[in-house]
Number of protein chains: 2
Amino acid sequence: MYSNAGGQKPRLIGELSAASDRISVSDFRYGRGAEIFGEAEPAEYIYQVIEGAVRTHKLLPDGRRQIGAFHLSGDIFGLENGATHRFTAEAIVATMVRLVKRKSLDNVAQNDPAIFNTILDMTTSSLVHVQNRILLLGRKTSLERVAAFLLEMHFRSTTAGVMHLPMSRRDIADYLGLTLETVSRAISELRRGLILKFEGTTQRHIVILNVQTLAKLADEPDAAA
Amino acid sequence: MYSNAGGQKPRLIGELSAASDRISVSDFRYGRGAEIFGEAEPAEYIYQVIEGAVRTHKLLPDGRRQIGAFHLSGDIFGLENGATHRFTAEAIVATMVRLVKRKSLDNVAQNDPAIFNTILDMTTSSLVHVQNRILLLGRKTSLERVAAFLLEMHFRSTTAGVMHLPMSRRDIADYLGLTLETVSRAISELRRGLILKFEGTTQRHIVILNVQTLAKLADEPDAAA
DNA sequence: CGATTACTTGAATATCCTCAAGGAGAGTGG
DNA sequence: CCACTCTCCTTGAGGATATTCAAGTAATCG
């Protein structure tokens, strides 16, 4: 559940390369903060993060922002959209993204049940992730939310030991339905409780010292196993 | 978006009857409050509400409850689960439910791209619904949440004019990430503002007097169109 | 009809947010 | 390479929104 945002399996685009004569793939680079696609735009492509990190969000008219997901290296995104994008996607840091034309994907999927099943699986996995987030946003306290977030990032992190967060406290806050100050206070509390520590000089390199306690604080006892 | 919880199209089980020689369909009755399936149980069936109403929920260890969705007459549910159910489902009132064996559905879908597409569409629609709920739970105020809920029920309601809510204030609260008192206060406020009124003697028969204002309060201006 | 459950409203409290200030880190140009 | 600037993060104090606790009334169900 934590291994990958939305549980999307990076293998899809690998599989597609087998049918590469019929699909169009291209790579793009985006600078820090650049928009990859906008909400309500037609969804012509699906995307895979090659390097960097991406956030998706929705805005309310008065500027309140809700981040839908973070996508890290290897993650596929934009698939969960139907005909039009339902989020805006932005590069968090300098990011390379691979684009696959939706139409060519659909064409291949028509004749390949395995790919069709992969698409359905990925969509179902997104649903699982998002359903857990509904419990978090509807019922968890600020400390539980921050603990759950750090746990998620911990398990998604490829580097063992130190975890490198590409996103700001504000991004985390908008992901968890909190303010950046509340996120900062929760992290400070976890630091005082020796559940995590900062590595080096920056506040974005974090070492989880006690995963089990963190999982208990997140109200996700199964994650401690 | 409001016409159906999760946008699931009730047509699936109708389509299936065309292949009824290969699928097993049966009907069950559940009393008020009865459990239809439990979280983490294997998902053997998908379900359609024939009559009545169903709620799905998750519980935290200390009893906090988050309702995932309400399913009304015609709605299909349990499809969004993978191999195991990720919610507990209960009848809100006396309810008749039609069950379809998942395996027989899968078998039919293997050879029928139309049904496969219907399944994918329904899953994608669930995702859309759930993503809008994330914005609601993460960033909306109590009044905005209650307004959005009433608007959703208004558009899903089959009866024109008076809307009959099968669920309690507590159910609504657990759906919106609030307490029942806060929901009650918000409804009272909308009543004082002449945006809705109660019909008859009960507090569950509601008439929306001003849909546009309600949509504005819900921060969903497009719903007013 | 009686008992139970559901809903509303008020008062006090808690959690999280807002406003504010200070300091540390990262990036830029001299 | 260092100074400068901008952004980010932390922490504190005060305030707002929603919750908790409580009581009373109304509606539903057997």
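Convention: sequence-line order gives letters A, B, ...; per-chain numbering from 1.
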| Any side-chain N or O of B:R204 under 4.0 Å from OP1/OP2 of C:dC7? | yes
| Does the gap between the ring centers of B:F37 and B:Y47 come in under 6.0 Å? | yes
| OP1 or OP2 of C:dC17 under 4.0 Å from side-chain N/O of A:T182 | yes
| Face-on cation placement of B:R170 at B:Y175 ring, 6.0 Å and 45° thresholds | no
| task | Could you tell me whether the side chain of A:L127 reaches within less than 4.5 Å of the side chain of B:V130, counting heavy atoms only? | result | yes
| request: Measure from CZ on B:R139 to P on D:dT17 and round the result to the nearest Å. | output: 15 Å
| Quick one: A:F198 CZ to D:dT10 P, roughly how many Å, whole number? | 5 Å
| Roughly, in whole Å, what's the span from CZ in B:R170 to C1' in D:dT19? | 12 Å
| Please give, in whole Å, the distance from C:dT15 P to A:R145 CZ? | 14 Å
| side-chain N/O B:R169 vs C:dT8 OP1/OP2, d < 4.0 Å | yes
| remark: Taken to the nearest whole Å, CG/B:L165 to C1'/C:dA6 is 14 Å
| request: Let me know the distance between CG of B:L180 and C1' of C:dT9, rounded to the nearest Å. | output: 12 Å
| request: Could you check how far CG of B:L136 sits from P of D:dA18, rounded to whole Å? | output: 12 Å
| task | Return no unless some side-chain N or O of A:S184 is found under 4.0 Å from OP1 or OP2 of D:dC9. | result | no
| request: Return the nearest nucleotide to the side chain of A:L178; candidates are D:dT20, C:dC7, C:dC17. | output: C:dC17
| Hey, does B:G177 reach any base, or is it just sugar-phosphate, or nothing, if we go heavy atoms under 4.0 Å? | sugar-phosphate
| message | I want to check one thing: is the phosphate of D:dT17, taken as OP1 and OP2, less than 4.0 Å away from some side-chain N or O of B:T141? | response | no
Within the sub-3.5 Å range, which N or O atoms of nucleotides 28-30 of chain D have a protein N or O partner, and how far apart are they?
{"unit_1": "D:dT28", "atom_1": "OP1", "unit_2": "B:T202", "atom_2": "OG1", "d": "3.2"}

| query | Roughly how far, to the nearest 0.5 Å, is the CG atom of A:D219 from the CG atom of B:L60? | reply | 5.0 Å
| query | Could you state the CZ-C1' distance from B:R185 to D:dT17, rounded to the nearest angstrom? | reply | 11 Å
| message | I want to check one thing: is the phosphate of C:dC16, taken as OP1 and OP2, less than 4.0 Å away from some side-chain N or O of A:S142? | response | yes
| request: Examine B:R191 relative to B:F198 and say whether NZ or CZ is less than 6.0 Å from the centre of the six-membered ring and inside a 45° cone about the ring axis. | output: yes
| said: Surrounding CD of B:E35 (heavy atoms of other residues, nucleotides or ligands, distance under 6.0 Å), is the total greater than 12? | reply: yes
| task | Run the salt-bridge test on B:D174 and A:R139 with the 4.0 Å N-O cut-off and return the result as yes or no. | result | yes
